[in-house]
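Keep in mind it's a predicted model, so treat the numbers as computed, not measured. Proteins get letters first, then strands, A, B, ... in listed order; numbering begins at 1 in each.
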Number of protein chains: 2
Amino acid sequence: MKRKPSTEATAAWIRLMRVQSRVLDAVEQDLKKAGFPPLAWYDALLELSRSPTGEMRPVELEKQMLIPQYSTSRLIDRLVDEGLAVRRECKMDKRGQFVEITEAGRELQKKMWGAYSAAIEKHVGSKLSDADALKLCGLLDRLGCSCGDVKAPAIVKEGIPSR
Amino acid sequence: MKRKPSTEATAAWIRLMRVQSRVLDAVEQDLKKAGFPPLAWYDALLELSRSPTGEMRPVELEKQMLIPQYSTSRLIDRLVDEGLAVRRECKMDKRGQFVEITEAGRELQKKMWGAYSAAIEKHVGSKLSDADALKLCGLLDRLGCSCGDVKAPAIVKEGIPSR
DNA sequence: AGTGACTAAATGCATATGCATGGAATAGTC
DNA sequence: GACTATTCCATGCATATGCATTTAGTCACT
């Protein structure tokens, strides 16, 4: 295996990091200006709201969101503190628990989507044609295993995406 | 202006975030396993080593790295604490100072590039053809203003990139 | 020369994150 | 049934980050 990346691969990686970081900063700023909590709250609430029963095991949320276990634990803490979710014990597995979204959580998720979708349009949608967006997805898929991912395209068709 | 992004734009954004995050985690893990400090140290040392005089104003470093001022200040603190850089006063502007890379800093930057380049090849280079990498760059450039950016392609030709 | 606006950089305080650890429980094997 | 490895989740401690504020200095204008 080659040990040195080509200049093209290196440039692509650097560009990927810089652009993603810049756009994410802009999106987060838009959300903050609109008075919303961090994007991770939205992501968690979205995953919970998409669950048929409105509840998930923390370990499932952890897998969907691709964050460390201790991050999941603490994110749930914050959602619970704000009344956006509740913890309930899992009868089948006493080690674990369920996290269930509350009505307030569903409301916030919907409201955040309003600002989040506007931010996506502003920083991404207005700069890429649909054809280019599809091309970008295809290229990015080469870098990450997309098969095991949440079916983002299918979910996006619902109009409310997963991250 | 449209308020709602297309499903393609949304999917592209989500994919961008997930893939970048996954690849960055993998790269950071590789660096950590090799016993190196965080990638931000590398970026700062690279910027400093590329300066003709080996020194920069913190505000210049801040602009190159696209990080907040207080992050720059603290990152420099850490580099200085480890003997990788030194702070020197700026005669022309008594408010400011110069940050100069040390020999140890140049050494670390080179050593890190060895592991960093291998990680880029492993997680990016082995998965994208050069043609695809160029396409990816072109698409990403649509999302961010690349004119004012550090001339990454030119820098990459040196074999040691900027982020 | 004086002044107001702006800049460069550090820092206090609060919050978030990284990591390893620990406790309780489950699952698989013998 | 006993035992072991693994899993699920929370958390202590240390470090990093976000933010506003502060201080010292610069610059353009009058």
- How do B:Lys91 and A:Ser73 order along DNA chain D: which one's closest nucleotide is nearer the 5' end? A:Ser73
- Query: Relative to the 5' end of DNA chain D, which residue comes earlier, A:Asp93 or B:Pro38, by the nucleotide with the nearest heavy atom?
  - Reply: A:Asp93
Between [atom2] of [N] and [atom1] of [X], the distance in whole Å:
X	N	atom1	atom2	answer
A:Arg74	C:dA14	CZ	P	18 Å
B:Tyr70	D:dT22	OH	P	18 Å
B:Ile67	D:dC19	CD1	P	14 Å
A:Lys94	D:dA10	NZ	P	17 Å
B:Arg88	C:dA9	CZ	C1'	17 Å
A:Glu89	D:dA10	CD	C1'	16 Å
A:Leu75	C:dG18	CG	C1'	16 Å
B:Arg57	D:dT26	CZ	C1'	11 Å

- For the side chain of A:Arg78, starting at C-beta, report the closest nucleotide among C:dA16, C:dA9, D:dG18. C:dA16
- Query: The side chain of A:Pro58 lies closest to which of these nucleotides: C:dA8, D:dC9, D:dG18?
  - Reply: D:dC9
- base_contact_polar (C:dT26 base, A:Arg95 side chain, donor-acceptor, <3.5 Å): no
- Message: Under 3.5 Å, is there any donor-acceptor pair linking the side chain of B:Gln69 to the base of C:dA8?
- Response: no
- Distance col, row A:Ile14:CD1 vs A:Arg18:CZ, nearest 0.5 angstrom, shows 8.5 Å
- Task: To the nearest 0.5 Å, tell me how far A:Glu100 CD sits from A:Ser51 OG.
- Result: 9.0 Å
- Note on the structure: By nearest-nucleotide position on DNA chain C, the 5'-leaning member of A:Trp41 and B:Gln29 is A:Trp41
- Query: At under 4.0 Å between heavy atoms, what does B:Asp77 touch on the DNA or RNA strands: base, sugar-phosphate, or nothing?
  - Reply: nothing
- Query: Can you tell which of B:Arg106, B:Lys110, B:Met112 makes a side-chain contact (heavy atoms from CB on, under 4.5 Å) with B:Leu108?
  - Reply: B:Met112
- Does a side-chain N or O from A:Gln97 land closer than 4.0 Å to OP1 or OP2 of D:dA10, or not? yes
- A:Gln97 pairs by side-chain hydrogen bond (donor to acceptor under 3.5 Å, both in side chains) with which of A:Arg88, A:Arg87, A:Arg57? A:Arg87
- Look at the aromatic rings of B:Tyr116 and B:Tyr42 and report parallel, tilted or perpendicular, splitting at 30° and 60°. perpendicular
